[in-house]
Amino acid sequence: MSSIVNVLVVGASGNIGPAIVQHLLSANFNVSLLSRDGSIHSAFPSIKVFQTDYSEASLAQACKGQDAIVSTMSALATMTQAKIIDAAILNGVKRFIPSDFGLNTPDIVVSTTKPKKQILDYLDERASQNLDFTWTAIGAAPLFDWTLKSGFLGTSIPNRTSTIIDSGNEAYITTTIPQIARAIVGVLQKPTLTANKYLLITSFRTTQNQILETAQRATGQKFEVTKVDAEAWKKEGVEMLQRGDFRGIGRFWGWFLCKDGEGHGAPEKEIIVGNEVLELPQEDMEEVIRETTGV
């Protein structure tokens with residue numbers, strides 16, 4: 001496969017998009033952005049922005065001349081991603097990276113990952129029909145640095161609090177946002193090696209107790225700790241979602257990843273570990289926490 005130079009990033013905002021754009025620019029890719037009509041990307045004023053209403057014509061204009069497309073839009077927008085995939089194929093785009101960044105999406109199918117699995121299946125189908133078109137999906141999650149800032153999984157750096165689910169000793173893999181961005185750069189620099197593959201990218205394997213201990217050491221402060229039962233935590237999350245409080249999703253994922261004896265967060269199944277393919281080393285958790293907190 002020929003080298004990839006021109007990259008279109010879809011939805012370059014939110015938690016992941018800006019980091020991906022910055023890493024692509026640093027790696028000397030020609031980057032442009034695809035944005036909904038009226039959206040403004042003030043963080044990258046010098047980058048060309050294609051405005052779109054996701055019509056066939058506007059997508060064709062954005063896709064022409066692109067070698068690859070990286071989607072960072074909401075993974076729930078299944079139909080919109082499918083439209084972009086179709087436009088990419090019609091206009092000669094060679095590689096599509098979907099907005100996946102989920103935990104082992106091919107094997108773990110729950111309500112929040114079904115749209116991601118649908119897109120993976122669609123990419124596989126379309127690539128089999130169009131041999132010049134390929135895809136790579138990046139598996140990761142939870143986003144370690146983001147969860148510490150938001151308290152999504154129970155430990156909040158800003159609040160100096162930690163909710164420990166069950167014993168706190170259930171291991172799970174996690175990934176930082178910069179590690180995902182580095183992985184995307186690596187995929188585009190090695191297009192032949194990464195074609196039509198789902199690559200699991202990790203930063204390290206840890207537990208809630210290890211995170212708490214490391215966060216307290218890195219900040220030099222004691223955290224207020226609350227212990228909860230995993231099933232009760234899940235029940236609370238369901239009730240929150242029923243009230244329209246989407247913070248309940250964090251309760252669900254906390255139960256899914258941290259319930260004692262389940263092992264969902266550190267899958268042992270056969271899956272390609274992208275760190276090895278892309279030569280990405282594991283990160284140091286304490287160093288990441290210090291960077292996240294600015295200590």
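- By the ring-ring contact (aromatic ring centres under 6.0 Å, His included) test, Trp233 pairs with no residue at all, sequence neighbours left out.
- Shortest non-hydrogen contact noted between Ala218 and Ile289 is CB-CG2, 3.8 Å.
- Counting only distance, with no hydrogens or angles, the side chain of Lys234 and the backbone of Gly254 share no donor-acceptor pair below 3.5 Å.
- A donor-acceptor contact shorter than 3.5 Å is absent between the side chain of Asp229 and the backbone of Ile165.
- Residues Asp100 and Ile138 are not in side-chain contact: their nearest non-hydrogen atoms beyond the backbone lie 4.5 Å or more apart.
- Taking CZ from Arg251 and CZ from Phe246, the interatomic distance works out to 14.5 Å, rounded to the nearest 0.5 Å.
- Proximity of a side-chain donor or acceptor of Thr134 to a complementary backbone N or O of Lys94 within less than 3.5 Å is detected.
- Contact annotation: the side chain of Asn275 approaches that of Thr202 to within less than 4.5 Å [non-hydrogen atoms, C-beta and beyond].
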Run the numbers on Leu59 and Ile84 for side chain to side chain contact (heavy atoms under 4.5 Å, CB included), then give the verdict.
CA-CA 7 Å; Leu59 290 175; Ile84 299 171; 4.1 Å; yes
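- At most 12 non-hydrogen atoms from other residues, nucleotides or ligands lie less than 6.0 angstrom from CD of Glu56.
- Ile180 has its side chain within reach of Leu143: a pair of non-hydrogen atoms, C-beta onward, lies under 4.5 Å apart.
- Here Glu239 pairs with Lys235 in a salt bridge; the nearest charged N to carboxylate O distance falls below 4.0 Å.
- Inspection of the Asp145 and Thr292 side chains reveals no N or O donor paired with an N or O acceptor under 3.5 Å.
- The closest side-chain heavy-atom distance from Val238 to Gln242 is below 4.5 Å.
- With hydrogens and angles ignored, the 3.5 Å screen pairs no side-chain donor or acceptor of Asp124 with any backbone N or O of Leu120.
- Follow the hydrophobic side-chain contacts under 4.5 Å out from Leu193 and you reach Val7 in the same cluster.
- The two residues Pro178 and His23 have their closest heavy-atom pair at O-NE2, 4.0 Å.
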Please report the C-alpha distance between Arg182 and Thr176 in whole Å, then the side-chain angles of each, then the deciding distance to 0.1 Å, and finally whether the side chain to side chain contact (heavy atoms under 4.5 Å, CB included) criterion is met.
CA-CA 10 Å; Arg182 287 189 286 267; Thr176 66; 4.3 Å; yes
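- Formation of a donor-acceptor pair under 3.5 Å by the Lys197 side chain with backbone atoms of Thr136 is not found in this model.
- In this model, no donor atom of one side chain and acceptor atom of the other lie less than 3.5 Å apart for Gln179 and Thr175.
- Panel note: side chain Gln208, backbone Asn169; no donor-acceptor pair is recorded below 3.5 Å.
- Scored by the ring-ring contact (aromatic ring centres under 6.0 Å, His included) test, Trp255 finds Phe252 as partners (sequence neighbours excluded).
- In this pair, Phe96 and Phe133 present their aromatic rings tilted. The plane angle is within the 30 to 60° band.
- Sparse packing is recorded around CZ of Arg247, with 12 or fewer heavy atoms of other residues, nucleotides or ligands lying under 6.0 Å away.
- Between Gln51 and Arg36, the closest side-chain pair of non-hydrogen atoms is not below 4.5 Å.
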Set out, in order, the CA-CA distance, both residues' side-chain angles and the distance that settles salt bridge (charged side-chain N to carboxylate O under 4.0 Å, His left out) for Asp86 and Arg126, then state yes or no.
CA-CA 8 Å; Asp86 291 341; Arg126 298 294 275 136; 3.2 Å; yes
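- Ile164 and Leu212 make their closest contact through CD1-CD2, 4.4 Å (heavy atoms, listed as atom of the first residue, atom of the second, distance).
- Under the 4.5 Å side-chain criterion, counting only non-hydrogen atoms from C-beta, Tyr122 is not in contact with Pro98.
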For a side chain to side chain contact (heavy atoms under 4.5 Å, CB included) check, start with the C-alpha distance between Val10 and Val70, then their side-chain angles and the critical distance, and finish with the verdict.
CA-CA 6 Å; Val10 183; Val70 179; over 6 Å; no
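- Judged by distance alone, the side chains of Thr207 and Glu170 never bring a donor and an acceptor atom under 3.5 Å apart.
- Leu148 has its side chain within reach of Ile211: a pair of non-hydrogen atoms, C-beta onward, lies under 4.5 Å apart.
- Across all non-hydrogen atoms, the minimal contact from Leu188 to Pro191 is O-CD, 3.5 Å.
- Separation of atoms CD1 (Ile157) and OG1 (Thr155) is listed at 7.5 Å; rounding is to 0.5 Å.
- Taking the ring centre of Phe256 as origin, the terminal cationic atom of Lys259 falls outside the region bounded by 6.0 Å and 45° from the ring axis.
- Under the rule for a side-chain hydrogen bond (donor to acceptor under 3.5 Å, both in side chains), the partners of Thr194 that lie at least two apart in sequence or sit in another chain are Arg95.
- Within the model, atoms OG of Ser35 and CD1 of Ile47 stand 12.5 Å from one another, a figure rounded to the nearest 0.5 Å.
- The hydrophobic clustering, which links ILVMFWY residues whose side-chain heavy atoms are closer than 4.5 Å, places Leu90 and Ile85 apart.
- Between the side chains of Ser71 and Ser99, not a single donor N or O lies within less than 3.5 Å of an accepting N or O.
- A search for side-chain hydrogen bond (donor to acceptor under 3.5 Å, both in side chains) contacts involving Ser167 returns Asp260, not counting sequence neighbours.
- In this structure, the side chains of Ser162 and Thr226 stay at 4.5 Å or more apart for every pair of heavy atoms.
- For the atom pair CG of Leu34 and OG of Ser58, the computed distance is 7.5 Å after rounding to the nearest 0.5 Å.
- For Arg205 against Ala171, the heavy-atom pair with the smallest separation is NE-CB, 3.6 Å.
- Enclosure of atom CD in Glu224 is not indicated, since only 12 or fewer non-hydrogen atoms of other residues, nucleotides or ligands lie within 6.0 angstrom.
- Checked by atom type and distance alone, the side chain of Asp166 never pairs as donor or acceptor with a backbone atom of Gly168 at under 3.5 Å.
- Tyr172 and Val228 fall into different hydrophobic clusters, defined by Ile, Leu, Val, Met, Phe, Trp and Tyr side-chain heavy atoms under 4.5 Å apart, directly or through other members.
- In this structure, CZ in Phe144 is found 6.5 Å from OG1 in Thr206, a value given to the nearest 0.5 Å.
- Judged purely by distance below 3.5 Å, without hydrogens or angles, the side chains of Thr214 and Glu286 never pair a donor atom with an acceptor atom.
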Using ring-ring contact (aromatic ring centres under 6.0 Å, His included), reason through Trp253 and Phe152 one step at a time and then give a plain yes or no.
CA-CA 9 Å; Trp253 279 110; Phe152 185 75; 8.1 Å; no
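- Taking both residues in full, the closest heavy atoms of Phe223 and Ser156 are given as CE2-O, 3.7 Å, listed atom of the first, atom of the second, then distance.
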What do the steps show when you test Ile97 against Trp135 for side chain to side chain contact (heavy atoms under 4.5 Å, CB included), and what is the final call?
CA-CA 6 Å; Ile97 299 178; Trp135 59 272; over 6 Å; no
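- When the side chains of ILVMFWY residues are joined at heavy-atom separations under 4.5 Å, either directly or via intervening members, Leu25 and Val187 end up in a single hydrophobic cluster.
- Hydrophobic side-chain contacts under 4.5 Å tie Leu131 to no other Ile, Leu, Val, Met, Phe, Trp or Tyr residue.
- Of the possible polar contacts, one joining the Thr72 side chain to the Gly11 backbone as a donor-acceptor pair under 3.5 Å is found.
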Ignoring hydrogens and angles, write down the donor-acceptor pairs under 3.5 Å from the side chains of residues 61-69, residues two or more places apart or on other chains.
{"residue": "Gln66", "atom": "NE2", "partner": "Ser32", "partner atom": "OG", "Å": "3.0"}
{"residue": "Gln66", "atom": "NE2", "partner": "Ala62", "partner atom": "O", "Å": "3.3"}
{"residue": "Asp67", "atom": "OD2", "partner": "Val5", "partner atom": "N", "Å": "2.9"}
{"residue": "Asp67", "atom": "OD2", "partner": "Asn6", "partner atom": "N", "Å": "2.8"}

